[in-house]
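Single-structure report; data block below.
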Amino acid sequence: MSAESRTIELRSSPHIRAGLSTDAIMLNVVYALVPVCLFAVAAFGLSAALMLAVAAGSCLLTERLMCRMGRQPSTLGDYSALVTGLLLGLTLPPGFPLWMTALGGFVSIALGKALFGGLGHNVFNPALVGRAFLQAAFPAAITEWTPAFITGRLTTCIPSTLAFPFMKAPSIDAYVANAGIDGWSGATPLMIMKFRFGSEAFDAITTQGLFLGSVAGSLGETCALLILIGGAYLIARRMMDWRIPVGMLGGAFALSSVFYLMDTSRYPTPFFMLFSGGLMLGAVFMATDMVTSPTTTAGTWVYSIVIGLFTVIIRLKGGLPEGVMYAILLGNALTPLINNVTQPRIYGAKRETKAEG
Amino acid sequence: MDPDSLGYIFINACLINNFVLSMFLGICPFLGVSAKIETATRMGLAVIFVMLVSSMCAYGINALLIKLNVEFLRLICYIAVIASAVQLVEMFIKRFSPALFRALGIFLPLITTNCAILGLALFQTQKQYNFLQCLAYALGAGVGFTIALTIMAGLREQLDLADVPDAVKGAALTLIVAGILSLAFMGFAGLGG
């Protein structure tokens, strides 16, 4: 543009805008997580509150420790460790022993983030690294579920919460029976779908219940509505890429529709798939992690749709009832390759010539 | 899915029991050649080829050994077959792609001692697969190896730019990433069952 043709634009204030900083984004993610956390405490009571506190505390402590060991300035102020801690806590079952939660927080930050060089260098979502570690290390404890909204939850802990480290956790059966619930099978909607499809218990699950969160499950995954509100807030503030949740939920919805239309007597409805388990929480808060998702627009679509497809395949065809965590970790692992393949053409460069890099 | 069907055998060898990430075979080239994506995919192709050839040969040799009633020679025969297949690949690559030959370096002849390949030959004998099943198994194992190697190479190329603490630079971090990747592959457990 030549100097003559440049026009002077007159604008009213503000003239200088501050760019988005990491800590501002992370703080807003914390805001978006607050309703989910409050609902978790309301639904699962004292144990949930303790667990979120321990998960967050363990992550913050590990972050501080790692910074000190690396002789680097403390990065506690960017809130990312707090987000990791809350997300880890929200993916765990209500009665999960606190010492295991603390261990998970340590693994999340130490193995998932600090060893890679801190925030921005990690290749996997730290909270999910911790969750995958816990799932592999304590497969029994992490599949022990408690019903939501049972009486007395706000005054007493689920007994397994306060289990002594390396000791067998007390059974929750007596606790659940005490609260006046008979015949609790300890299953989440997805487990009922997987192992007892078509039974009365399966028919009793309503999409409304899944949407509003009256079902059993991990702390933060039960209420799809609040997660969506949190996501909408972040998208409205342009702190989250809307393509990722849309692609992931769309991919999952499309593939589960195909299965459902193929055989309605064997596969659940796509709405069930969408609102059950951790798909919503994963799509809004985990897959959208800026560090571990692709940087190109086309890559973002590929990444999110692949995660959605993996989730449905693992849920319907795999041995495990829930696959969101694994799907997102696999998506994270594929991110560098997706970035590599979907590099946009340099403007002016010929189609045939490969960009150097 | 029928556990004897070709599709299941392929998926089983490729994803569920991925040779590298869930059976921990062939870790040496997995760590050695995973620094660049391009080398990694080509190494993967070489391994797929060697696996297919040695799987076919191992099938024939096994039948012959059983006929002659000398099954105790199985291990040594398999090793000889694998070594010759690798030699073949080596000569081929040296002739047609000297650059790749240099990039793969010592890891190309080392395919001979890649336990994934001997493992494949022994597993297929142990599972008593027929010829087609052997081929599906070998292809699945090879593709699985290539997938693992390529994903790892992608991650390592990205980590080259990361500000990694000195204590874990190099092999240590690679092993940690491999461990996390292996955790992620646990999601495929029981697929198609």
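- For a residue to count as touching a neighbouring chain, one of its non-hydrogen atoms must lie under 4.5 Å from one of that chain's; by this rule A:Phe124 touches chain B with the side chain only.
- In this structure, B:Lys169 places its NZ atom where more than 12 heavy-atom neighbours from other residues, nucleotides or ligands lie under 6.0 Å away.
- Options A:Gly118, A:Gly112, A:Pro336 differ in how many heavy-atom pairs under 4.5 Å they form with chain B, and the most are formed by A:Pro336.
- Summarising the geometry, atom CG belonging to A:Leu330 is positioned 6.0 Å from atom CZ belonging to B:Phe185; distances are rounded to the nearest 0.5 Å.
- Chosen from A:Leu316, A:Leu115, A:Leu128, the residue pairing most often with chain B at heavy-atom distances under 4.5 Å is A:Leu115.
- Interface remark: B:Leu173 contributes side-chain atoms only to the contact with chain A (heavy atom separation under 4.5 Å).
- If you tally non-hydrogen atom pairs under 4.5 Å between each of B:Leu181, B:Asp166, B:Leu159 and chain A, the highest count goes to B:Leu159.
- For A:Tyr79, the OH atom sits in a loose shell: 12 or fewer heavy atoms of surrounding residues, nucleotides or ligands are nearer than 6.0 Å.
- Looking at B:Leu183, both its backbone and its side chain come within 4.5 Å of chain A, counting heavy atoms on both sides.
- Residues A:Tyr326 and B:Ala184 come closest through the heavy atom pair CD2-O, 3.4 Å.
- In this structure, B:Met186 and A:Leu320 approach most closely via the heavy-atom pair O-CD1, 4.1 Å.
- Interatomic distance, OG1 of B:Thr150 versus CG of A:Leu334, reported as 10.0 Å (0.5 Å rounding).
- Within a 6.0 Å radius of CZ in B:Phe24, more than 12 heavy atoms belonging to other residues, nucleotides or ligands are found.
- Of the atoms belonging to A:Ile313, heavy atoms from both backbone and side chain fall under 4.5 Å from chain B.
- Counting non-hydrogen atoms of other residues, nucleotides and ligands closer than 6.0 Å to CZ of B:Phe49 gives a total of 12 or fewer.
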Side chain to side chain contact (heavy atoms under 4.5 Å, CB included) between B:Ile180 and A:Phe133, worked out
CA-CA 8 Å; B:Ile180 299 175; A:Phe133 168 81; over 6 Å; no

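- Smallest separation of non-hydrogen atoms from B:Gly187 and A:Ile314: O-CG2, 3.5 Å.
- Interface residue A:Ala114: only backbone heavy atoms are found under 4.5 Å from chain B.
- Looking at B:Ile151, both its backbone and its side chain come within 4.5 Å of chain A, counting heavy atoms on both sides.
- Between chain B and the options A:Asn122, A:Leu337, A:Val129, A:Asn339, the largest number of non-hydrogen pairs under 4.5 Å is found for A:Leu337.
- Atom CD1 of B:Ile76 sits in a sparse spot, with 12 or fewer heavy atoms from other residues, nucleotides or ligands closer than 6.0 Å.
- For A:Tyr267, the OH atom sits in a packed shell: over 12 heavy atoms of surrounding residues, nucleotides or ligands are nearer than 6.0 Å.
- If you measure heavy-atom distances from B:Val164 to chain A, the contacts under 4.5 Å come from both the backbone and the side chain.
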